[in-house]
Novice: 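Let me begin by handing over the structure; questions about it come next.
Only this structure's heavy atoms are used, side chains among them; waters, hydrogens and symmetry mates stay out.
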Amino acid sequence: MSKKLQAIRGMHDILPDKTPLWQKVEKTMFNVCQQYGYSEIRMPLVESTDLFCRSIGEVTDIVEKEMYTFEDRNGNSLSLRPEGTASCVRAGLEHGLFYNQVQRLWYQGPMFRHERPQKGRYRQFHQIGVECFGMSGAEIEAEIILMSARLWKQLGLAEELSLEINSLGSSEERLAYKDILVNYFEKAEEQLDEDSKRRLHTNPLRILDSKNPAMQGLIEGAPQLANSLGAESIEHFNQLCTYLSEAGINFTHNPRLVRGLDYYSHTVFEWVTTALGSQGTVCAGGRYDGLINQLGGKQTPAVGFALGVERLVLLLEQKEYSVTKPLAYIVHQSEAAGQIAIHLAETLRDQMPEQGFVLHCGGGSLKSQFKKADKVGAKFALILGEQEVEQNQIGIKFLRERIEQQQIPQNKLKDFLTNNS
C-alpha cells in the first residue's frame, strides 16, 4: 500500500475558509505601503548559502541548525531563505539600488526554518518585510514604527499589541558591551545552560534572550547595555522617543531587548502580545547599518522590520470578522436558459465589477441549485426558467431575508441589484 500523501511537517495548506484573513492582512499592508511611498520588491525563494552565512553568521542557530540547505546539480550550495533582509540587500547590491540613493522597499512571501513546529512557529512561515536604505536619522525609525502602528489600527489590532524599544548604540559601544557581558557570564558559567555556554564567546547578547526560567535571575543581574552608550547614541535614542511620544505612540523601554547579529546598531523594537502564549512577538525591527558593508557594499544606513503573517492571522481569528460573499447566484433550467445565464453573468460582472456573481454549472434541479446558492452565502438567487426566458424576465429569490420572490424585467436587474446590494 502506497504511503498517504500529506504536507511536510510544519508546512501548512491555507484553506479557503482561512484565506480571507490572509488577504485582509496582505491588502491592508499593500495600502499602508502605498500611503508611505514604499515600493514592492520580489526576491527568489532560493539563494546562495553563503549569503546567509555572511549576513546572519555561521555560529547562529539559524545557520547551524535551521536552514534548508542542499547542493544543486552544479555542486553549488543553495538554501531556502530563512529571512528576507539578506535577500533584499543582495538584490539591492546586485542591481545598484543603493548607490547615492534612498530606497523604501517592502516584500512579502514564505521563509523556511527547520524548527520545532508549534502554534505560531512553523517550518514554512510567511513574513511581510519593510526595509529603508540611505537614511541615518531617528526620523526614519519613527516612520516605520508609525507605519506598523497604522497597520495594527487598520486591522483592528491596536489594542492587542504593545511596543518595546531599546538602543544598541554604535558598533564600537556594542563591542565594548559584549566584552563586559562575557566577563559577567564567565564568572557564573556553571549556571548557564548548554545553549548559553555555546553562545558565550560567539554571540553573548543572545543569552539575554534566553527563556530558561532557571537563568532569569542571572540575566536580570547582568550589566545593562545602556550603561555602555555614549552621548551621541543616547541623544539618537532620546530623539526617537520624542518623535514617538509626540505622535501618541505608547511604548516601553526594554533594556533587555537585543539582536544577536553584529550588524545591528542603535534602535531595535518589537511589537508583542500576550494573546499567543510563548510566541508573543508579532513584529520585530531595528537599524542595521553594518549589513550592506558586511556583504561587500559601501557603508549604508539601513533600518527595517518584519512581521509574521501567521501570528497576525491567529490574532485576527480571535476577533469577529466578515467574509465578502457573492451578491447573487444564477440558477437556470433548460439549454436556452443556460445560454442566457452565461451572458447575464458576464454582463453583471461588467456592470458591477465590485460585486461577485456565481453561475451555476453542472445541471440539477432548482431545489439543489438553491441549496448551493445558500451554501456560498449569496444574498440573492437569480432564476432563469422557461417562463422567465419566454417573458424576458428574471426571478429573484431572497436568500437572507423573509421577502416574497419577485419577477422583474431583465433590463431592470442592474438597478434592482444596485439598490439592494
Novice: Is there a side-chain contact between Phe133 and Val89 in this structure, where contact means two heavy atoms from C-beta onward sitting under 4.5 Å apart?
Specialist: yes

Novice: Rounded to the nearest 0.5 Å, what separation is found between the OG1 atom of Thr267 and the CD atom of Gln239?
Specialist: 11.0 Å

Novice: Using modelled atom types only, decide if a donor and an acceptor are shared between the side chain of Glu160 and the backbone of Ala275 within a distance under 3.5 Å.
Specialist: no

Novice: Would the distance check show the side chain of Arg174 and the main-chain N or O of His266 forming a donor-acceptor pair, the cut-off being under 3.5 Å?
Specialist: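 No; judged by distance alone, with no hydrogens or angles, the pair does not exist.
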
Novice: Return the orientation label for the His253 and Phe237 ring planes: parallel under 30°, perpendicular over 60°, tilted otherwise.
Specialist: tilted

Novice: Evaluate the side-chain proximity of Phe251 to Ser245: yes if any heavy-atom separation is below 4.5 Å, no if none is.
Specialist: yes

Novice: Could you tell me whether the side chain of Gln124 and the main chain of Gly10 form a donor-acceptor pair under 3.5 Å?
Specialist: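 Answer holds: no.
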
Novice: Ignoring hydrogens and geometry, is there a side-chain-to-backbone donor-acceptor pair from Arg123 to Glu115 under 3.5 Å?
Specialist: yes

Novice: Is atom CD of Glu232 surrounded by more than 12 heavy atoms (other residues, nucleotides or ligands) closer than 6.0 Å?
Specialist: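 At most 12 heavy atoms, drawn from other residues, nucleotides or ligands, come within 6.0 Å of this atom.
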
Novice: Surrounding CG of Asn250 (heavy atoms of other residues, nucleotides or ligands, distance under 6.0 Å), is the total greater than 12?
Specialist: no

Novice: Decide if the gap between the ring center of His12 and the ring center of Tyr122 is smaller than 6.0 angstrom.
Specialist: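 Under 6.0 Å, so yes.
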
Novice: Can you tell whether the side chains of Arg90 and Glu94 come within less than 4.0 Å, N to carboxylate O?
Specialist: yes

Novice: Below 4.5 Å, heavy atoms only, C-beta onward: do Tyr177 and Leu168 meet side chain to side chain?
Specialist: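 Answer no - side chains too far apart.
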
Novice: Output the distance between atom CG (Leu417) and atom CG (Leu382), rounded to the nearest 0.5 Å.
Specialist: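 That separation rounds to 6.0 Å.
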
Novice: Taking the side chain as every heavy atom from C-beta outward, state whether Leu413 and Thr347 have any atom pair closer than 4.5 Å.
Specialist: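 No - every pair of side-chain heavy atoms lies 4.5 Å or more apart.
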
Novice: Can you tell me how far apart CG (Leu257) and CG (Leu208) are? Round to the nearest 0.5 Å.
Specialist: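 Taking CG in Leu257 and CG in Leu208, the distance rounds to 10.5 Å.
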
Novice: If you take the centroid of each ring, where Trp contributes its six-membered ring, are Phe380 and Tyr329 closer together than 6.0 Å?
Specialist: no

Novice: Counting only N and O atoms by type, is there a donor-acceptor contact under 3.5 Å from the side chain of Arg287 to the main-chain atoms of Glu141?
Specialist: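 Checking the backbone N and O of Glu141 against the side chain of Arg287, no donor-acceptor pair under 3.5 Å is found.
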
Novice: By ring-ring contact (aromatic ring centres under 6.0 Å, His included), which residues pair with His114, not counting sequence neighbours?
Specialist: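 Tyr68.
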
Novice: Are the side chain of Asn212 and the backbone N or O of Ala214 linked by a donor-acceptor pair below 3.5 Å?
Specialist: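 Flag set: sc Asn212 to bb Ala214 pair under 3.5 Å.
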
Novice: Sequence neighbours excluded, which residues qualify as side-chain hydrogen bond (donor to acceptor under 3.5 Å, both in side chains) partners of Arg42?
Specialist: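 side-chain hydrogen bond (donor to acceptor under 3.5 Å, both in side chains) list for Arg42, sorted by chain: Glu40.
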
Novice: Rounded to the nearest 0.5 Å, what's the gap from NE2 on His126 to CG on Leu312? Could you check?
Specialist: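 Here the interatomic distance stands at 13.5 Å.
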
Novice: Counting C-beta onward and ignoring hydrogens, is there a side-chain heavy-atom pair between Ser87 and Arg81 closer than 4.5 Å?
Specialist: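 Heavy-atom side-chain distance check passes, below 4.5 Å.
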
Novice: Counting only heavy atoms not in Lys197, do more than 12 fall under 6.0 Å of its NZ?
Specialist: yes

Novice: Spell out, as yes or no, whether a donor-acceptor pair under 3.5 Å connects the side chain of Gln369 to the backbone of His332.
Specialist: yes

Novice: Taking the side chain as every heavy atom from C-beta outward, state whether Val272 and Leu163 have any atom pair closer than 4.5 Å.
Specialist: no

Novice: Donor-acceptor pair, Thr273 side chain versus Gly280 backbone, under 3.5 Å?
Specialist: no

Novice: Is a side-chain N or O of Ser368 found less than 3.5 angstrom from the main chain of Gly364, in a donor-acceptor match?
Specialist: no

Novice: Within a strict 4.5 Å, meaning less than it, do heavy atoms of the Lys3 and Leu5 side chains meet?
Specialist: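 Counting from C-beta outward, Lys3 and Leu5 never come under 4.5 Å.
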
Novice: Do the side chains of Arg121 and Glu310 get close enough for a salt bridge, i.e. N-O under 4.0 angstrom?
Specialist: no

Novice: If you round to the nearest 0.5 Å, how far is CG of Leu205 from CZ of Arg256?
Specialist: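 Result: 10.5 Å between the selected atoms.
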
Novice: Does atom OH of Tyr99 have more than 12 heavy-atom neighbours, drawn from other residues, nucleotides or ligands, at distances under 6.0 Å?
Specialist: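 Not more than 12 within 6.0 Å, no.
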
Novice: If only atom types and distance count, is the side chain of Thr300 paired as donor or acceptor with the main-chain N or O of Lys298 below 3.5 Å?
Specialist: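 Yes; judged by distance alone, with no hydrogens or angles, the pair exists.
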
Novice: Going by the rule side-chain hydrogen bond (donor to acceptor under 3.5 Å, both in side chains), which residues pair with Gln318 if we only count those two or more places apart in sequence or in a different chain?
Specialist: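 For Gln318, no residue satisfies side-chain hydrogen bond (donor to acceptor under 3.5 Å, both in side chains) once neighbours in sequence are set aside.
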
